[in-house]
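Bear in mind that the values here come from a model prediction, so they are computed numbers and not experimental data. Here is how names work: the chains are called A, B, and so on, in the same order as the sequence lines, proteins then strands, and each is numbered from 1.
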Amino acid sequence: MEKLLREKTAHIVNNLYGINFSDLDITVNQTSKEFVGDFTVVIFPFVKIARKKPEEIGKEIGDALQKEIPEIDSYNVVKGFVNFKLKNEFWNNFLLNASSENYFSLPSTHKKIMVEYAGPNTNKPLHLGHIRNIFIGYSVSEILKAAGNEVVKVNIYNDRGIHICKSMLAYEKYSNNETPKSKGIKGDHLVGDFYVKFDQELKIQIAGLMLKGMSEEEAKKNAPLNIEVKEMLLKWEAGDAEVRARWEMMNGWVYEGFEETYQLIGCDFNKHYKESDTYLLGKNIVEEGLSKNVFYKRPDGAVCVDLTSDGLDEKVLMRSDGTSVYITQDLGTADLRYQDFEPDQMIYTVANEQDYHFKVLKLVTQKLGKKYADGINHLSYGMVDLPTGRMKSREGTVVDADDLIEEMIRTAKEQTLALGKTENFSEAEAEKLYYELGMGALKFFILKVDPRKRMIFNPEESIDFHGFTGPFIQYTYARIQSVKRKAGNNFKSSTPVVKANDSELQLLMQLYLYTNTIKEAAMNLDPALLANHIYFIAKSFNSFYAENSITQAETEELKNFRLLLSDLTGSVIKRGMKLLGIEVPERM
RNA sequence: GGUCCGGUAGCUCAGGGGAUAGAGCAACAGCCUUCUAAGCUGUGGGUCAUUGGUUCGAUUCCAAUCCGGAUCACCA
C-alpha cells in the first residue's frame with residue numbers, strides 16, 4: 001500500500017504540476033496517532049513548484065488518490081500532510097490473506113549467501129562476546145532465509161598458533177593428566193583453565209627475572225615459558241607427532257565443550273572450517289599475487305601489498321621466514337569457501353575491532369580479481385562492555401557463556417515458581433519452559449540492540465523478564481494460545497465483515513508491516529529491527545486484549561474476527577521469534 | 001597523530017530530513033467475582049554533547065569542536 005501510494009502520488013504530482021518525481025521522492029509515513037488515518041503522504045516538497053498552498057495541494061492529491069485507489073475510505077489534510085484512512089475491507093482482506101498458509105513466504109532472490117559466525121579460539125570457553133556474535137550471526141542467517149535467500153552457515157575455528165600452544169604447554173607442565181571426565185568439567189573449560197595457568201606462571205617467572213635486574217622487556221623475552229612455547233609452536237608446524245597428538249586431544253575436548261554450548265544456544269552450522277586446514281592455502285594465494293604483480297617481495301623477503309592509494313597502509317601478507325600471518329589464512333579460507341559453495345555473498349560476523357582487517361581482505365581479493373571479492377561483507381558488530389569497560393580475561397572479568405546461560409535459566413525458574421505458573425506442569429514441561437524463558441530473555445536482551453552499536457552488560461543487574469523483553473512476548477504468545485483453547489480452537493477463515501476499532505486497527509497495522517520489516521532486516525543485516533517490531537506487535541495485542549473481550553464478543557461474527565486476529569498475531573509472533581532463535585511456549 | 005564508530009530521559013535502548021522526540025527499567029497513581037496482572041491505563045522526567053551551515057522544515061544531512069571507544073604489528 002505504501003508503495004502504491006508513492007507511485008500514484010508521483011504520477012499525480014507529475015501530471016498536475018509538470019515535475020518529474022519518482023516514487024522514491026515521495027515520503028509516505030504511518031499516520032501519527034494524534035491524527036485520523038492509516039498512511040500519510042507528505043506534500044511539502046511540491047509546495048514550491050506548484051506555487052499553491054499546502055492545503056490546496058493536499059486536497060488535489062487527496063481527491064486524485066481517492067479516485068485511483070479503491071481501498072481509500074477517506075482523507076484529511078493537516079498542514080502539509082494528507083492522511084488517508086483505508087476501508088474496512090482492506091483490513092478484512094489483509095486478515096484473510098495473511099491467515100493463509102503461504103502469505104509469509106517471500107519470493108526467492110535466487111541468491112546464495114554464506115554467513116560466518118561464532119569463530120572461537122580453541123584455547124578457552126565461549127564468553128559473552130561470542131554469545132552476541134552467535135545470536136546475531138544465527139538470526140541474520142534465519143532472516144536472510146526468510147527473505148528468500150539460500151543461506152550457508154559456516155564457522156571458523158582459530159585452532160592453531162602460539163595461544164593454542166600456551167594451554168598445551170601449561171597442561172604438559174602442570175597437569176596430572178586430568179581429563180574433562182576425570183575432573184567432571186567441560187573440555188573447553190578445562191583447557192581454558194590451563195590457558196589462564198600459563199599466564200599466571202609466566203607472570204611469576206617474569207617477576208622473578210625482574211627481581212634479578214632484568215628490564216620487563218628482557219624478562220618477557222627470557223622467561224622459560226615463553227621460550228618453550230615458541231619451541232612448541234615450531235614443533236607443531238613441523239608436525240611433531242607428540243605435540244600434534246596433544247593438540248588433537250585438547251582441541252577435541254574443546255570441540256566437545258563447544259558443541260554442548262551450541263546445542264544449548266540452539267545454533268547450527270553447515271560446515272566448520274579450521275585455520276589449521278586453510279593457513280597453508282593462503283600461501284598459494286600469495287604466490288598468485290606475486291605472479292600477477294599485485295604483491296611484491298621486500299628485500300628482507302616479506303611479501304607485501306601496497307594499499308596506500310586506498311587510504312590504508314602497506315600490509316605484510318607473508319613473513320620473511322615464509323610463515324603465514326592472520327590475513328594469509330583468511331585469504332585461503334575465502335578461496336576454499338568459494339570453491340565449496342560458490343556463494344554470491346560472504347558475510348563475516350566479526351566484532352568491529354577488526355574493521356581494518358576486513359577492509360584489507362576485501363581490497364586484496366579485489367586486486368587479485370577474485371570473483372567473490374565484491375561479495376565480501378563484514379557484519380561488524382559492537383562489542384559487549386561492562387560498566388567498567390572492556391572485559392579482560394586476565395582480570396577475570398569475562399562473563400562466561402555457560403555460566404550466564406545457566407544463571408538465566410535459574411532466574412527464569414525462580415520467577416516462574418514465584419508466580420506459581422507451573423503448578424500443573426510435568427517436570428519435563430516445566431524444565432523446558434524455564435529453558436525457553438531464560439534463553440528468550442537473554443537472546444532478546446542482546447538482539448533488540450542495533451548490532452553495530454556497542455552495548456553495555458551489567459552483571460550486577462539481572463536481565464529483566466518484564467516490559468521490553470523476550471518473556472513479555474512469550475507471555476503474549478501463551479496468552480493467545482490460551483484464548484484459542486478456551487474457544488475450542490473453533491474459528492473459521494471466512495470473510496469477516498467487521499469494522500475494526502482502534503486497538504484492532506493498531507494491531508492489524510503492525511501485522512501488516514511485518515513482511516516489510518523482514519525485508520528491511522535482511523537488507524540491513526539487523527535483527528534488532530525485527531525484535532523491535534515483534535515487541536510492538538505483542539504490545540498492540542496486549543492493549544487490544546485488555547480493551548476487548550474475544551471469546552465473549554457481542555456477536556459471533558465479531559468473536560470469529562477477533563479469534564482470527566489473535567491467531568494471526570500468535571503465528572506472526574512465533575514466526576518472528578523463530579528468526580531470532582527464540583522459542584515460544586504454548587502455556588506459561 | 002591518521003582513519004573509523006558512537007554521544008537521545010536517572011539507567012538500558014528506539015527513532016537517522018517531516019506533525020507536540022518514543023519505549024522499557026526505576027519512581028508515583030489506578031485496574032484482577034470477566035479470555036493468564038510476566039499484563040493494561042495514567043503522571044512526572046529531555047538544551048537529542050556544543051557551535052556554525054545546508055532548506056519550506058534538522059535530533060536526523062554537512063563542517064568544526066568537546067567527550068568516549070576501536071584501529072593503524074612479520075599478534076590473532
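- The side-chain heavy atoms of A:Val399 and A:Val384, taken from C-beta on, include no pair separated by under 4.5 Å.
- Stacking between A:Phe44 and B:G18 is present: the aromatic ring centre lies within less than 5.5 angstrom of the base six-membered ring centre, and the two planes differ by under 30 degrees.
- The side-chain heavy atoms of A:Phe258 and A:Leu126, taken from C-beta on, include a pair separated by under 4.5 Å.
- A:Arg562 comes within 4.0 angstrom of no nucleic acid atom, judged by non-hydrogen atoms across all strands.
- Between the side chain of A:Asn83 and the base of B:A19, a donor-acceptor pair under 3.5 Å is found.
- No close placement of the A:Phe84 and A:Phe39 rings is indicated, their centers lying 6.0 Å or farther apart.
- Straight-line distance between the C1' atoms of B:U8 and B:G68: roughly 16 Å, to the nearest whole Å.
- Nearest nucleotide to the side chain of A:Glu34, out of B:C35, B:A76, B:U20: B:U20.
- Annotation: side chain of A:Met577 is in contact with side chain of A:Gln474 (closest heavy-atom distance under 4.5 Å).
- Within 4.0 Å of A:Glu275, counting heavy atoms only, lie sugar-phosphate atoms of the nucleic acid but no base atom.
- B:C28 is paired with B:G42 under the criterion used here, namely a Watson-Crick or G-U wobble arrangement in which both key atom distances are under 3.5 Å.
- Look at B:A58: it lacks any Watson-Crick or wobble partner with both distances under 3.5 angstrom.
- Phosphate proximity of B:A19 to A:Lys33: absent, as no side-chain N or O sits under 4.0 Å from OP1 or OP2.
- Nucleotides B:G10 and B:U47, compared at atom P, are 7 Å apart to the nearest Å.
- For A:Ser482, the listed nucleotide lying nearest its side chain is B:U36; candidates were B:C4, B:U36, B:A19.
- Taking the P atoms as reference points, B:A9 lies 14 Å from B:A21, given to the whole Å.
- Taking the side chain of A:Val78 as heavy atoms from C-beta on, and the options B:C25, B:G6, B:A19, the nearest nucleotide is B:A19.
- Comparing the C1' positions of B:G39 and B:A64 gives an interatomic distance of 49 Å, to the nearest angstrom.
- Across every strand in view, B:A64 sits in a pair with B:U50 that passes the Watson-Crick or G-U test at under 3.5 angstrom.
- With respect to the salt-bridge test (charged N to carboxylate O, under 4.0 angstrom), the residues A:Lys220 and A:Glu216 qualify.
- Remark: the separation of the P atoms in B:U51 and B:U71 is 32 Å, to the nearest Å.
- Within the 4.0 Å cut-off from OP1 or OP2 of B:A70, at least one side-chain nitrogen or oxygen of A:Arg390 is found.
- With hydrogens and angles left out, the side-chain atoms of A:Gln354 and A:Tyr326 include a donor and acceptor closer than 3.5 Å.
- Atom CG in A:Asp526 sits roughly 15 Å away from atom P in B:C13 (whole-Å rounding).
- If you check B:A19, B:U36, B:G7 against the side chain of A:Arg587, the one that comes closest is B:U36.
- Going from the C1' atom of B:U54 to that of B:U60 covers 13 Å, rounded to whole Å.
- Using a 4.0 Å cut-off between a side-chain N of Lys or Arg and a carboxylate O of Asp or Glu, A:Lys432 and A:Glu436 qualify as a salt bridge.
- With respect to A:Glu55 and A:Lys79, no salt bridge is recorded, no charged nitrogen being found less than 4.0 Å from a carboxylate O.
- If you check B:A19, B:C35, B:C72 against the side chain of A:Phe35, the one that comes closest is B:A19.
- Note on A:Asn548: a base of the nucleic acid sits closer than 4.0 angstrom, heavy atoms only.
- Here the separation of B:A23 from B:A63, taken at their C1' atoms, is 33 Å to the nearest Å.
- Under the Watson-Crick and G-U wobble criteria, each requiring two contacts below 3.5 Å, nucleotide B:C4 is paired to B:G69.
- With RNA chain B read from its 5' end, the first of the two nearest nucleotides for A:Asp464 and A:His163 is the one closest to A:Asp464.
- The same atom, C1', is picked in B:G15 and in B:G46; the two are 15 Å apart, to the nearest Å.
- The environment of CG in A:Asn501 is crowded: more than 12 heavy-atom neighbours from other residues, nucleotides or ligands sit within 6.0 Å.
- In this structure B:A19 sits in no base pair that meets the Watson-Crick or G-U test at under 3.5 Å.
- Put simply, the side chain of A:Asn352 does not reach to within 4.5 Å of the side chain of A:Arg454, judged on heavy atoms.
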Taking only N/O atoms, report every protein-nucleotides 38-42 of chain B pair under 3.5 Å with atom names and distance.
from, atom 1, to, atom 2, distance (Å)
B:A38, OP1, A:Lys421, NZ, 2.7
B:A38, O4', A:His466, ND1, 3.3
B:A38, O3', A:His466, ND1, 3.3
B:A38, N6, A:Thr416, OG1, 3.0
B:G39, OP1, A:Gly467, N, 3.0
B:G39, OP2, A:His466, ND1, 3.1
B:G39, O2', A:Arg479, NH1, 3.0
B:U41, OP1, A:Ser543, OG, 3.0

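- Within the nucleic acid shown, A:Ala528 has no heavy atom closer than 4.0 Å to any nucleic acid atom.
- For A:Lys486, a side-chain nitrogen or oxygen approaches OP1 or OP2 of B:U36 to under 4.0 Å.
- A syn base is found at B:C32: its glycosidic angle is within 90° of 0.
- Dashed line: the shortest gap from a side-chain N or O of A:Lys448 to OP1 or OP2 of B:C13 is not under 4.0 Å.
- Put simply, A:Lys79 has no side-chain N or O that comes within less than 4.0 Å of OP1 or OP2 on B:G57.
- Nucleic acid contact for A:Tyr356: sugar-phosphate only, since backbone atoms but no base atoms lie under 4.0 Å from a heavy atom of the residue.
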